[in-house]
Amino acid sequence: MNDASILKTMMLVTTFALLSGCVTPLRTGPPPSPAAARLDHFPPAVRLNAAHPDISNMVAELLERASASADNSFDILSLSGGGARGAFGAGSLVGLTRAGKRPQYEVVTGVSAGALIAPFAFLGPAWDPSMTTAFTATQSSTLMSPRGLGALFSPGIFSARPLRERIDQFVTMELVDAIAHESRQGHLLFVQTTDLDAQAAVLWNMGEIAKVGGDAARALFRDALLASASVPGVFPPVMFNVEVDGRRFQEMHVDGGVASPFVLTPLIAALLYEEPDPQIFLGNLFLILNGSLAAELETTPRNTVPIVSRSFETSQMYQVRASLAIAMEFARQRHLKFQFTFIPSEFNASGSLDMTQEELTSLFNHAAQNAVTGDIWLGVDQIIDNKER
């Protein structure tokens, strides 16, 4: 199913729901002060709300702590969303491993599909087989399971159960314990969701979650990944029960890509930090865009669905370009070498919701081979010159 047909189905379901007078499911309201909300059985450090007044200092201090754990280079990897196109990022990392070009990352961040890649990238090449299976296995084609008339009475055209079960399959206690171990070394793993009520990005410190241990940590780890990948309208949002001053509330979280295509809060926070040490951040900032950067000229039909779809794609493209500008400035100020890659036009990747095994495997293998045989990274000047690559 391509993006246009998904959008058309969404619009038809929405229209039907309005005409049928469906009742909106009741829910508990959000906390009046989102930055003060706490999850049961977890310390406040497991997540950071971008609306927190002290977010700049908090994140900058975390980055400095991570930099102290660096080997010969402080390396940050940031993975974007992209749905099925996440197979590009996973394949690129596997290809870098095969080519002997993959560093140890001190900080890994992920949004949406990038969030699903991020734990494997964080743990290193030993977890490449698990990442390969996660993005190329036959079962991936079952992730898009239509809910039929159920979509009229609760949000999301597709059921969340297949995706939740898929994530649960790979978020094992072994993986959670390994994440906790890396976190104790000072390394950082951030996954981003969007708190829809507060209209704010939320950074989940997955290492802090993992260090709590046990089934509760595994469940929250899974749910944070699920929320980061829950495209609004396509999958149901993920609800988190929180507490503020003894009162209970519910937060509604959706795809982290709604807030930004990359995890930008740590970068912005570090830029705003008043006392940076320019020597601390010597190393590399790697960004993997699971999509295209180039504008594509085509005739847009005078029809509602194509116009809405094309407008959304255009908005996303410019959001990516703005995010790149922030990342470049962060790298420049912190003496990091900026390195970026995206899906070349010759890959001819299909829609972000095409979860068939054939499409996922093809994109994964293309990306892996490209990383083995060539230099996939572009610098600042090359990005300007290679938007049509």
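- Atom CG of Asp71 has more than 12 heavy atoms from other residues, nucleotides or ligands within 6.0 Å.
- Smallest separation of non-hydrogen atoms from Ala134 and Arg166: O-NH2, 3.4 Å.
- Among all heavy-atom pairs drawn from Val111 and Phe262, the shortest one is CG2-C, 3.7 Å.
- For the 3.5 Å distance criterion, the side chains of Ser230 and Asp255 fail to qualify, holding no donor opposite an acceptor.
- In this structure, Gln199 contributes its side chain and Asp195 its backbone to no donor-acceptor pair below 3.5 Å.
- In this structure, CD1 in Ile376 is found 9.0 Å from CD in Gln339, a value given to the nearest 0.5 Å.
- Shown here for Phe120 and Ser130, the closest heavy-atom pair between the two residues is CE2-CB, 3.7 Å.
- Ionic pairing of Arg85 and Glu359 is not present here: no N-O contact between side-chain nitrogen and carboxylate oxygen is shorter than 4.0 angstrom.
- Formation of a donor-acceptor pair under 3.5 Å by the Asn365 side chain with backbone atoms of Thr361 is found in this model.
- The minimum heavy-atom distance linking Ser260 with Gln319 is given by the pair CA-NE2, 3.8 Å.
- Hydrophobic clustering of Ile, Leu, Val, Met, Phe, Trp and Tyr side chains at less than 4.5 Å, counting indirect connections, unites Met239 with Val254.
- Distance check, rounded to the nearest 0.5 Å: NE2 of His253 to CD of Gln192 gives 11.5 Å.
- Checked by atom type, the side-chain pair Gln333/Glu329 shows a donor-acceptor distance below 3.5 Å.
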Under the side-chain contact (heavy atoms from CB on, under 4.5 Å) criterion, do Thr109 and Leu79 qualify, and how do the steps go?
CA-CA 6 Å; Thr109 73; Leu79 299 147; over 6 Å; no
Is there a side-chain contact (heavy atoms from CB on, under 4.5 Å) between Ser183 and Leu189? Walk through the geometry before answering.
CA-CA 8 Å; Ser183 179; Leu189 173 61; over 6 Å; no
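- Between Met206 and the choices Leu220, Val191, Leu188, the side chain to side chain contact (heavy atoms under 4.5 Å, CB included) rule is met once, by Val191.
- The environment of Glu358 atom CD is sparse: at most 12 non-hydrogen atoms of other residues, nucleotides or ligands sit within 6.0 angstrom.
- Aromatic ring centroids of Trp377 and Phe338 lie 6.0 Å or more apart.
- Counting only distance, with no hydrogens or angles, the side chain of Glu243 and the backbone of Asp245 share a donor-acceptor pair below 3.5 Å.
- A 4.5 Å side-chain heavy-atom check between Pro266 and Leu203 finds at least one atom pair inside the cut-off.
- Nearest heavy atom pair, residue Val258 against residue Pro232, reads CG2-CG, 3.7 Å.
- With a 4.5 Å cut-off on side-chain heavy atoms, Ser92 and Asn370 do not count as touching.
- Within a 6.0 Å sphere centred on CD of Glu174, heavy atoms belonging to other residues, nucleotides or ligands number 12 at most.
- When hydrophobic clusters are built by joining Ile, Leu, Val, Met, Phe, Trp and Tyr residues whose side-chain heavy atoms come closer than 4.5 Å, directly or via intermediates, Val46 is grouped together with Val244.
- In this structure the side chain of Leu48 reaches within 4.5 angstrom of the side chain of Met58, judged on heavy atoms.
- Taking the side chain as every heavy atom from C-beta outward, Leu116 and Phe170 never approach each other to under 4.5 Å.
- From Trp127, atom CH2 reaches atom CG of Leu175 across 4.5 Å, with rounding to the nearest 0.5 Å.
- More than 12 heavy atoms of other shown residues, nucleotides or ligands fall within 6.0 angstrom of atom CG in Asp54.
- Panel note: side chain Asp197, backbone Met252; a donor-acceptor pair is recorded below 3.5 Å.
- Side-chain contact between Tyr105 and Leu93 is present, with heavy atoms from C-beta onward closer than 4.5 Å.
- The pair Arg102-Asp128 meets the salt-bridge criterion, with a side-chain N (NZ, NE, NH1 or NH2) lying under 4.0 Å from an Asp/Glu carboxylate O.
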Let me see the working for Glu208 and Arg184 under salt bridge (Lys or Arg N to Asp or Glu O under 4.0 Å), right down to the final yes or no.
CA-CA 9 Å; Glu208 290 298 317; Arg184 292 188 182 98; over 6 Å; no
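- The structure places CZ of Arg65 at 13.0 Å from NE2 of His187, a figure rounded to the nearest 0.5 Å.
- For the side chain to side chain contact (heavy atoms under 4.5 Å, CB included) with Ile117, the qualifying choice from Leu77, Ile288, Asn290 is Asn290, the only one to do so.
- A salt bridge does not link Asp177 with Lys211: none of the charged nitrogens is closer than 4.0 Å to a carboxylate oxygen.
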Phe286 and Ile76: CA distance, side-chain angles, deciding distance, side-chain contact (heavy atoms from CB on, under 4.5 Å) verdict
CA-CA 6 Å; Phe286 298 97; Ile76 301 175; over 6 Å; no
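- Considering Val94, Thr136, Thr97 in turn, Val94 is the only one that fulfils the side chain to side chain contact (heavy atoms under 4.5 Å, CB included) rule with Met131.
- Looking only at distances, no side-chain donor or acceptor of Arg218 sits under 3.5 Å from a matching main-chain atom of Thr172.
- When ring centroids are compared, Phe342 and Phe340 come within the 6.0 Å threshold.
- Closest non-hydrogen pair, Ala201 versus Thr265, comes out as CB-OG1, 4.4 Å.
- Here the straight-line distance linking atom CG of Leu39 with atom CD1 of Ile209 works out to 8.0 Å at 0.5 Å rounding.
- A 4.5 Å side-chain heavy-atom check between Pro32 and Phe249 finds at least one atom pair inside the cut-off.
- Using bins of under 30°, 30° to 60° and over 60° for the plane-to-plane angle, the ring pair Phe240/Trp204 lands in the tilted bin.
- One distance of note links CG of Leu63 with CZ of Arg334; it measures 8.0 Å at 0.5 Å rounding.
- No side-chain N or O of Ser228 forms a donor-acceptor pair with one of Thr193 less than 3.5 Å apart.
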Start with the C-alpha gap between Phe88 and Thr341, add the side-chain angles, then the distance that decides, and say whether side-chain contact (heavy atoms from CB on, under 4.5 Å) holds.
CA-CA 10 Å; Phe88 170 77; Thr341 190; 4.0 Å; yes
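- In this structure, the side chain of Glu106 engages the main chain of Asp75 through a donor-acceptor pair within 3.5 Å.
- In the hydrophobic clustering of ILVMFWY residues, with side-chain heavy atoms under 4.5 Å counting as a link, Leu289 and Met317 come out apart.
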